[in-house]
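Notes follow once the structure below has been shown.
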Amino acid sequence: MEIPVTRTVELAEVTLPEFGLPVVEPQIPAATYETRIRQARQRAANAGYDALVIYGDREHFANLAYLTGYDPRFEEALLILVPDRTPSLFVGNEGLTYSTVSPVNLQRVLYQTFSLPGQPRDSSEPLASLLADAGLGGSGQIVGVAGWKYFEPVEADDPEYWIDAPAFIVDRIRSLGCEVRNANRLLMDPADGLRAINDVDQLARFEFATTYSSQFVRNAIWNVKPGLSELETVPNMRLNGLPFSDHPILVAGQERTAMFIPSPSAYVLQEGDPIFAAVGVWGGNTARAGFLVRDKGGLAPAIHDYVDKLVVPYYRAIVEWYETVGIGVTGGELWKIVNRHLGDPFFGVGLNPGHLIHLDEWLSSPIFEDSTIPLQSGMAIQVDVIPMTHTDYYSTNIEDGIALADDATRVEFAARYPEAWSRIEARRTFMRDTLGIRLKPEVLPFSNIPAYLPPYWLSPGKAMRAV
């Protein structure tokens, strides 16, 4: 790989446009869910599975929702895919009515043990009987179980047999004579999992989500005020009820920010505080970190060089990341960029410098040391480089969503979702003409604060740019 020339970056007056909020809410057609189920069946057969079982609960819903449009609200659920049978969806008491949210032709089965404790449980057959009725059972039947996590050889000698679903379910499947294997890679592998590559409708849905998540963080930055508590500051984000993929964060002060991701509290923001905000909704997550000051004079004297020491090298890495990412680029190339700029232990970059996003905040990541996984059209990717210095310099942070789209995908996206496409084009123009970041044609920025990084939150009109 040819090493790009390191860009010069600076703190400057930056006018951040209003990119607007969605009027149209993209939907996933019923036919798409049916296609996804057919693909999952085929992938399962190719992997040697005789049946595929997808487990979901409140936290671990994304595989199930991807295939059906149904997410457990309070309970647990199982989707059972057996060849030549209508898919069976096992739900609890409250999930039975809500399951009509799915447009898929499903055999809905009430299994009350999936309900909350203390609710009625006297109307369901035993689990083993229900599983057999759905088509599971028989000596030698191999059942792939997908929950929310696959495992690596470094973790276990037999990762395929580490099952991330409740034991009471797995035990009943095994009691029917089945061999159970971890099937999460079919859906979640960063190279070729079904959820790693998205169609235009799903990408448009992610743009919708990221527009809002980024606007929430933008609202926080532009309306933050010393003297308000974290809890009093959160309403300034103007959250709107979209379902969260992670806990909303608005945290300030040395002690609170050292915990990184606590929920908002009654702590009162003070000028000079480090501060961090993040909001994740299904398909979009946005985060920023900085200091609650107007300029370096508001910082403690020992960290007056905060911008030069931390923010400048960080932003150089981000600029090069953005200008390099594209179809065919390997995850290892992006890792090298960040390591070259921020490899010094001072920066404390410990997680992957970017990852795939989906309905869950973190699907998986093709971006790691020596990764040869090529990025593909249809991937929804987070630039997510988190320096944790564990010093008074605290951190700086950009997390924003993008997607990669080849020529045909871009043409289809623009034709079917012109409102979203106009925001994407305006963001590209802002990044090029104002921030000096030259994106490849296939890179679609989804954030309403694309690569916008104000180190001093009481001066949000001053942000980093490349020159």
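We count residues from 1, following the sequence as given.
Between R423 and E419, at least one side-chain nitrogen of the basic residue sits less than 4.0 Å from a carboxylate oxygen of the acidic one, meeting the salt-bridge criterion. A salt bridge links E152 with R185: the distance from a Lys NZ or Arg NE/NH1/NH2 to an Asp or Glu carboxylate oxygen falls below 4.0 Å. Electrostatic pairing of D400 and R288 counts as a salt bridge here, judged by a charged N lying under 4.0 Å from a carboxylate O. By the 4.0 Å N-to-carboxylate-O rule, K462 lies too far from D295 to be salt-bridged with it.
At distances below 3.5 Å, not a single donor-acceptor pair connects side-chain atoms of N339 with backbone N or O atoms of W335. Between the side chain of E442 and the main chain of G326, no donor-acceptor pair closer than 3.5 Å is present. N63 places a side-chain N or O within 3.5 Å of a backbone atom of G147 that can act as its donor or acceptor partner. Without hydrogens or angle criteria, S214 side chain to S447 main chain gives no donor-acceptor distance under 3.5 Å. Side-chain atoms of D360 never come within 3.5 Å of backbone atoms of L363 as a donor-acceptor pair (strictly under, hydrogens ignored). Here the side chain of N184 pairs a donor or acceptor atom with the backbone of K149 at under 3.5 angstrom. Of the possible polar contacts, one joining the E75 side chain to the N93 backbone as a donor-acceptor pair under 3.5 Å is found. In terms of modelled atom types and a separation under 3.5 Å, the side chain of E230 and the main chain of S265 share a donor-acceptor contact. Within the 3.5 Å criterion, the main-chain N or O of P450 finds no donor-acceptor partner in the side chain of R427. Of the possible donor and acceptor atoms, one in the side chain of R205 sits under 3.5 Å from a partner among the backbone N and O of P26.
Within 6.0 Å of atom CD in Q107, 12 or fewer heavy atoms from other residues, nucleotides or ligands are found, so the atom counts as exposed in its surroundings. At most 12 non-hydrogen atoms from other residues, nucleotides or ligands lie less than 6.0 angstrom from NZ of K225. Around NE2 of H304, the count of heavy atoms belonging to other residues, nucleotides or ligands within 6.0 Å exceeds 12.
Under the 4.5 Å side-chain criterion, counting only non-hydrogen atoms from C-beta, I424 is in contact with P445. At least one side-chain heavy atom of M464 sits under 4.5 Å from a side-chain heavy atom of V312. Side-chain contact between V325 and K440: absent, with no pair of heavy atoms (C-beta onward) separated by less than 4.5 Å. A 4.5 Å side-chain heavy-atom check between R238 and N223 finds at least one atom pair inside the cut-off. At a threshold of 4.5 Å between non-hydrogen side-chain atoms, the residues L404 and V443 count as touching. D392 has its side chain within reach of Q254: a pair of non-hydrogen atoms, C-beta onward, lies under 4.5 Å apart. With contacts defined as side-chain heavy-atom distances shorter than 4.5 Å, the pair F216/T286 does not qualify. Taking the side chain as every heavy atom from C-beta outward, L64 and D71 never approach each other to under 4.5 Å.
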Working for salt bridge (charged side-chain N to carboxylate O under 4.0 Å, His left out), residues D189 and R195: CA-CA 8 Å; D189 188 276; R195 292 205 286 131; over 6 Å; no
side-chain contact (heavy atoms from CB on, under 4.5 Å) assessment of M188 paired with L194: CA-CA 7 Å; M188 302 179 65; L194 284 174; over 6 Å; no
Test side-chain contact (heavy atoms from CB on, under 4.5 Å) applied to T391 and I303, step by step: CA-CA 10 Å; T391 70; I303 59 168; over 6 Å; no
Full working for side-chain contact (heavy atoms from CB on, under 4.5 Å) between R465 and L435: CA-CA 4 Å; R465 70 176 183 184; L435 299 184; 4.3 Å; yes
Salt bridge (charged side-chain N to carboxylate O under 4.0 Å, His left out) between R256 and D273, intermediate numbers included: CA-CA 10 Å; R256 300 273 300 147; D273 276 346; over 6 Å; no
ring-ring contact (aromatic ring centres under 6.0 Å, His included) between H358 and F206, intermediate numbers included: CA-CA 8 Å; H358 207 271; F206 290 167; 5.1 Å; yes
Criterion side-chain contact (heavy atoms from CB on, under 4.5 Å) on S99 and L106, from CA distance to verdict: CA-CA 9 Å; S99 68; L106 298 167; over 6 Å; no
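When the salt bridge (Lys or Arg N to Asp or Glu O under 4.0 Å) test is applied to E155, no partner is found at least two apart in sequence or on another chain.
Closest approach of Y394 to F276, counting heavy atoms only: OH-CB, 3.1 Å. Nearest heavy atoms, G280 versus D246: N-OD1, 3.2 Å. The minimum heavy-atom distance between G283 and A209, with the atom names listed, is C-CB, 3.9 Å. Annotation for L356 and A196: closest pair CD1-CB, 3.9 Å, computed over non-hydrogen atoms. Of all heavy-atom pairs spanning D57 and Y55, the tightest one is OD2-OH, 3.2 Å. In terms of heavy atoms, V251 sits closest to F260 at CG1-O, 4.2 Å.
A centroid separation of 6.0 Å or more is found between the aromatic rings of F114 and F90.
The closest side-chain donor-acceptor pair between T330 and E333 falls under 3.5 angstrom. Judged by distance alone, the side chains of T233 and N236 never bring a donor and an acceptor atom under 3.5 Å apart. Defined by atom type and a distance below 3.5 Å, a donor-acceptor pair is present between the side-chain atoms of E207 and T211. With no hydrogens or angles considered, a side-chain donor-acceptor pair links D201 and Y417 at under 3.5 Å.
In this pair, Y393 and Y306 present their aromatic rings parallel. The plane angle is below 30°, not in the 30 to 60° band. Ring pair Y98/Y70 is tilted by interplanar angle, where 30° to 60° counts as tilted.
For the pairing with E323, the salt bridge (Lys or Arg N to Asp or Glu O under 4.0 Å) check across R7, R316, R432 returns one residue only, R7.
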Solution key, residues 344-352 side-chain donor-acceptor pairs under 3.5 Å, sequence neighbours excluded:
from : atom 1 : to   : atom 2 : distance (Å)
D344 : OD1    : F346 : N      : 2.8
N352 : ND2    : S365 : OG     : 3.4
N352 : ND2    : I367 : O      : 2.9

